[in-house]
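These notes are about the structure you will find just below.
Read the numbers this way: they start at 1 and go in the same order the structure lists the ligands and their atoms.
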Amino acid sequence: MADEYIPKPHLKIWLDGKFVPVSEAKVSVYDHGLLYGDGVFEGIRVYNGRIFECDAHMERLYRSAAAIRLNIPYTREQLVKAMEESIVINKVRDGYIRLCVTRGVGTLGIHPFRTVGASVFIITDAIAMYEAKMYEEGMHIVTAATLRNHPAALSPQIKSLNYLNNIMAKIEAVDANCLEAVMLNPEGYIAECTGDNLFLVKHGVLKTPATHCGILIGITRDLILRLARKRGIPTEETTLTRTDLYMADEAFITGTGAEVCPVVSCDKRSIGDGKPGPITKQLMADFRQYAREGG
Ligand code: PMP
């Protein structure tokens, strides 16, 4: 992903029911999304002018909101329509949608039910993926010292506006000259990366941390599991250690922005022969075809 980005002035943002120019798309300093990270969001891709895995994203958004007792003041149909209009207005064929729901404007205290109600905005823009070289040669990652949030404290299943846990680990990745870091759960098992799910291949079996390891249930993760099963590749959602990753034959990350990107080393241990592996390449190709065909 590009590290710096300046919004294009012609962009139109859907904000609480209306399209406004990006320069006017502002939220209040009293919005609890800003004051406390109190809110939820989705990052969604547009391929060929179509919203990718739309139902799955809507399902996760409303489930995340319900988990934090946030009432989204629009129906799914209304939000899907707003996203579709946003794609057309902004002339986006292949791009990215950021759909955010904040707790809204309230008092300075954290009380979530003393706000005027949720605020919703939709940004539809181009996407900058990792550079092409990463997909050809693979990515080097490190393990972060920062543990992923304990699911009993703040479940990673909730895609909340509070990403500080991930950001702390991302700082460690950047300090190590890497773009991603593996985060372990409080038991020491692999959870996920800072903004992506993690997969490995061992003896032909595709493995990824199970939901109970404390992960965001990635929509790309689910799709990759489905595509692998369709190919007859055995899959396992299980507990994995850092050493399982060091000793894996192949590894890759998945995410809406990253799609499927090979991982060729972790903590300076080469994974497999240090090159993207055959199952990884197959699933990258399957993913691209699926996305091109519009899901
Ligand atoms: N884990 C985290 C922490 C994420 O933020 C994301 C999304 N960027 C993912 C996993 C991947 O999820 P998805 O495939 O739904 O984008």
I'd like to check which ligand 1 atoms, numbered from 1 as shown, lie under 4.0 Å from a non-hydrogen atom of [X].
X: Tyr163; value: 3 (C), 4 (C), 5 (O)
X: Glu192; value: 1 (N), 2 (C), 3 (C), 10 (C)
X: Thr256; value: 13 (P), 14 (O), 15 (O), 16 (O)
X: Asn166; value: 3 (C)
X: Gly255; value: 11 (C), 14 (O), 16 (O)
X: Gly218; value: 12 (O), 13 (P), 14 (O), 15 (O)

Looking only at side chains, do [X] and [Y] share a donor and an acceptor under 3.5 Å apart?
X: Thr254; Y: Thr220; answer: no
X: Asn48; Y: Arg292; answer: no
X: Thr208; Y: Glu237; answer: no
X: Asp244; Y: Thr241; answer: yes

Counting only nitrogen or oxygen atoms and a 3.5 angstrom limit, does [X] reach ligand 1?
X: Arg148; value: no
X: Thr254; value: no
X: Arg60; value: yes

What do we get for Thr194 next to ligand 1 when only non-hydrogen atoms under 4.0 Å count, side chain, backbone, both or neither? backbone

Take every heavy atom of Gly195, measure it against each atom of ligand 1, and state whether any distance is under 4.0 Å. yes

Would you check whether Glu42 reaches within less than 4.0 Å of ligand 1, judged by its heavy atoms? no

Hey, what's the ring geometry for Phe252 with Phe199, parallel, tilted or perpendicular (30° and 60° as the breaks)? parallel

Under the side chain to side chain contact (heavy atoms under 4.5 Å, CB included) rule, what do Val46 and Arg93 come out as? Steps first, then yes or no, please. CA-CA 7 Å; Val46 179; Arg93 197 169 163 73; over 6 Å; no

Step through it carefully: locate the ring centre of Tyr163, locate the ring centre of Phe41, and say whether they are under 6.0 Å apart. yes

Of the protein's non-hydrogen atoms, which lies at the shortest distance from atom 11 (C) of ligand 1, and what is that distance? Asn197 OD1, 3.6 Å

Distance in Å, Thr143 OG1 paired with Arg242 CZ, rounded so as to fall on 0.5 Å steps: 4.5 Å

